[in-house]
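All values below were derived from every heavy atom in this structure, side-chain atoms included, with hydrogens, water molecules and symmetry-related copies excluded. For this chain, numbers begin at 1 and follow the sequence in order.
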Amino acid sequence: MTTLTQEPYEESAGRPVGYATHDVTNQPPPLAPYDASADTALLEGVRREGAGWAEEELRRLGLRAGSAQAQEWGDLANRHEPVLRTHDRYGNRIDEVEYHPSWHHLMRVAVGEGLAGSAWADDRPGAHVARTAGGLVWGHTEAGHGCPTSMTYAAVPALRAEPELAKVYEPLLTSREYEPGLRPPTGKRGLLAGMGMTEKQGGSDVRTNTTAATPTAESGVYTLRGHKWFTSAPMCDVFLVLAQAPGGLSCFLVPRVLPDGTRNTFRVQRLKDKLGNRSNASSEPEFDGTVAWLVGPEGQGVKTIIEMVNCTRLDCVMASATLMRKTLVEAGHHVRHRGAFGARLVDQPLMRNVLADLALESEAATTLTLRLAGAADRAVRGDAGEAAFRRIATAVGKYWVTKRGPAFTAEALECLGGNGYVEESGMPRHYREAPLLSIWEGSGNVNALDVLRALGRSPETAHALFGELALARGADTRLDAAVARLESGLAEASETGARRLVELMALTLQGSLLVRHAPPAVADAFCASRLGGDWGHAFGTLPAGADLGGILERALPPRA
């Protein structure tokens with residue numbers, strides 16, 4: 001019998017042993033370590049929106065996010081998914097969720113870097129911009145743990161509707177201390193907040209909720225009975241939930257552990273088996289005699305919790321922009337090192353068109369995200385004009401940027417070819433994540449109709465939007481023509497055409513921002529394609545005159 005042998009090549013430092021039948025060539029090196037903050041559009045936007053003081057911290061966080069260790073945390077947290085433990089070994093009901101240690105590493109950094117509620121305790125102008133920028137950078141690790149940090153951030157303004165509760169909980173929700181585990185909230189150094197709005201019979205139609213809130217003898221204290229359909233991060237310390245009180249749909253604060261140390265009734269019936277966002281536990285909790293504190297007046301539950309929704313919608317835009325940037329960086333890294341048909345992929349004209357088109361979309365998303373964060377920051381500080389702009393532009397951005405995410409991520413994945421379709425590349429995880437951001441906090445239809453509602457009920461929102469667009473008037477004829485179409489479209493606004501109208505709002509807003517703040521190569525290509533119609537139906541269809549080199553030089557991190 002003939003024995004076949006493989007003779008290994010000599011092993012070089014840091015490289016695996018090669019074999020005569022398996023000599024690895026034409027494959028890119030690992031991306032990590034890299035600088036996740038090496039994004040010109042991001043850093044320019046941070047300075048422009050009043051948070052330039054945070055740049056050094058962002059650059060430090062960018063290096064940490066792009067480190068091999070942090071990237072591995074993201075991978076492990078998704079490979080080892082959370083596990084529900086309804087009972088302990090003795091049969092006691094505990095309703096706890098176990099996470100892989102990597103989840104806790106990610107959370108500890110996120111909370112410690114101020115990506116949860118700490119911006120509300122920071123009086124510096126631009127504090128909310130800095131927090132959003134931090135999310136754009138740290139989000140390069142993984143998306144799931146952004147859910148509890150987002151809800152914690154968003155809970156603070158809603159909780160302020162009940163000053164006595166805010167006095168107790170806000171210092172802990174704005175802490176930079178991550179302290180997991182179920183214990184009495186006031187005995188911890190920092191808290192996380194979740195949200196329970198939807199129920200299986202209604203989804204976004206929360207006014208059909210059937211969870212009942214019964215007043216107790218103690219003022220402001222109720223007991224809840226019902227079932228929530230989609231409550232993320234069940235190991236958070238407190239939750240804002242909606243329930244039907246005698247006076248109508250109301251908002252309540254529900255702690256997992258009561259002040260006396262006993263467990264509140266929060267029966268986690270199951271964890272959702274989701275398409276993506278696998279590291280983050282989303283649950284169906286059941287309330288039965290669950291103790292809750294009223295937040296805001298009875299019957300004003302939607303009005304109270306809407307502040308939380310506005311904040312989490314901004315974070316949906318931020319997370320989509322982050323996902324675009326992350327997958328663009330992955331695609332750019334691959335094509336710089338991969339050769340085919342006698343040339344590097346990055347030097348081939350059609351691939352350059354694809355990458356440049358993706359880069360335009362990514363920069364437009366990042367720039368709009370930071371403008372929305374700036375509006376939120378200034379609205380908090382009393383700017384009525386910015387509050388009106390935030391009201392409509394956040395819903396516009398939530399609709400459009402999150403809609404672009406899945407197509408963008410699929411195209412970036414395709415840049416890696418078959419390598420991108422393999423789980424270990426990380427790209428399938430990003431692709432599965434993308435649709436969530438359009439669904440969470442209201443689907444596309446909900447957000448499009450919310451824009452129409454804002455226009456009808458708050459005319460000042462339209463004035464704020466067109467005031468913003470007017471800042472770029474005369475700078476580009478294609479943008480001017482699109483704004484004119486938008487003005488005509490508003491006169492004929494209807495539910496049937498809501499998506500088309502909101503899409504045009506988003507594109508004119510992004511075009512206005514890029515014309516004012518981006519280099520000519522970026523602004524011209526965006527206006528020619530997205531507003532002027534010189535574009536196809538897929539990425540990689542920019543017009544022949546587009547300055548692809550100028551776009552790519554700005555978008556891709558410097559070569560190593």
Side-chain angles (χ1 to χ4, degrees), residues 36-37 39-62 65 109-141 143 145-157 173-174 176 307-326 362-381 383 386-387 389-391 393-398 400-402 405 437 440-441 509-510 513 517:
S37 70
D39 180 356
T40 303
L42 167 68
L43 296 176
E44 288 178 355
V46 167
R47 299 178 201 123
R48 187 168 59 246
E49 298 297 339
W53 48 266
E55 186 170 336
E56 184 176 342
E57 294 178 9
L58 284 173
R59 291 182 178 275
R60 176 182 52 77
L61 185 60
V109 174
V111 174
E113 294 290 340
L115 306 186
S118 66
W120 297 105
D122 191 336
D123 292 331
R124 290 176 292 182
H128 296 269
V129 178
R131 182 223 167 233
T132 298
L136 286 164
V137 170
W138 183 246
H140 279 237
T141 55
H145 78 291
C147 181
T149 58
S150 176
M151 292 189 297
T152 302
Y153 169 72
V156 173
L173 292 169
T174 58
R176 291 190 178 220
E307 276 301 312
M308 189 174 192
V309 173
N310 284 334
C311 291
T312 49
R313 282 182 175 176
L314 171 57
D315 279 7
C316 287
V317 183
M318 174 191 75
S320 274
T322 304
L323 199 57
M324 289 182 187
R325 180 63 191 175
K326 168 63 173 174
S362 175
E363 177 156 351
T366 297
T367 302
L368 178 56
T369 298
L370 291 168
R371 176 65 184 93
L372 295 176
D377 192 87
R378 291 182 282 276
V380 166
R381 300 173 200 287
D383 189 321
E386 287 291 87
F389 175 77
R390 174 201 182 201
R391 169 70 182 88
T394 300
V396 168
K398 164 67 167 74
W400 182 242
V401 175
T402 63
L437 300 163
W440 189 36
E441 298 305 3
L509 183 53
Q510 288 181 324
L513 290 167
H517 304 304

Can you name the closest pair of heavy atoms from [X] and [Y] and give their distance?
{"X": "Val401", "Y": "Ala321", "answer": "CG1-N, 4.3 Å"}
{"X": "Asp377", "Y": "Gly126", "answer": "OD2-N, 2.9 Å"}
{"X": "Ala65", "Y": "Thr141", "answer": "O-CG2, 3.7 Å"}
{"X": "Gly62", "Y": "Val137", "answer": "CA-CG1, 3.3 Å"}
{"X": "Ala376", "Y": "Leu314", "answer": "CB-CD2, 4.4 Å"}
{"X": "Asp315", "Y": "Ser150", "answer": "OD2-OG, 2.7 Å"}

Okay, side chain of [X], backbone of [Y]: is any donor-acceptor separation there less than 3.5 Å?
{"X": "Thr366", "Y": "Glu363", "result": "no"}
{"X": "Thr312", "Y": "Val309", "result": "yes"}
{"X": "Arg176", "Y": "Ala116", "result": "no"}
{"X": "Trp53", "Y": "Pro125", "result": "yes"}

Exercise. Does the side-chain contact (heavy atoms from CB on, under 4.5 Å) test come out yes or no for Glu44 and His517, once each step is laid out?
Worked result: CA-CA 9 Å; Glu44 288 178 355; His517 304 304; 5.9 Å; no
Measure the spacing between [atom1] of [X] and [atom2] of [Y] and express it to the nearest 0.5 Å.
{"X": "Leu58", "Y": "Glu56", "atom1": "CG", "atom2": "CD", "result": "10.5 Å"}
{"X": "Met318", "Y": "Cys316", "atom1": "CE", "atom2": "SG", "result": "9.0 Å"}
{"X": "Leu372", "Y": "Thr394", "atom1": "CG", "atom2": "OG1", "result": "4.5 Å"}
{"X": "Leu437", "Y": "Thr322", "atom1": "CG", "atom2": "OG1", "result": "9.0 Å"}
{"X": "Arg47", "Y": "Leu370", "atom1": "CZ", "atom2": "CG", "result": "11.5 Å"}

With the side chain counted from C-beta on, respond yes when [X] and [Y] share a heavy-atom pair under 4.5 Å apart, and no when they do not.
{"X": "Leu136", "Y": "Arg325", "answer": "no"}
{"X": "Trp120", "Y": "Arg131", "answer": "no"}
{"X": "Thr369", "Y": "Thr132", "answer": "yes"}
{"X": "Trp440", "Y": "Thr402", "answer": "no"}
{"X": "Arg60", "Y": "Glu113", "answer": "yes"}

For this session: Please identify each residue that fulfils side chain to side chain contact (heavy atoms under 4.5 Å, CB included) with Ala375, with sequence neighbours left out.
Result: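 With neighbours one apart ignored, the set is Arg371, Glu386, Phe389, Arg390.
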For this session: Could you list the residues that satisfy salt bridge (Lys or Arg N to Asp or Glu O under 4.0 Å) with Glu441, not counting sequence neighbours?
Result: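 Not a single residue meets the salt bridge (Lys or Arg N to Asp or Glu O under 4.0 Å) criterion with Glu441.
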Exercise. Yes or no on salt bridge (Lys or Arg N to Asp or Glu O under 4.0 Å) for Arg59 and Glu55, after CA distance, side-chain angles and deciding distance?
Worked result: CA-CA 6 Å; Arg59 291 182 178 275; Glu55 186 170 336; 3.1 Å; yes
Problem set entry | Working for side-chain contact (heavy atoms from CB on, under 4.5 Å), residues Leu368 and Val396 | CA-CA 10 Å; Leu368 178 56; Val396 168; 5.8 Å; no
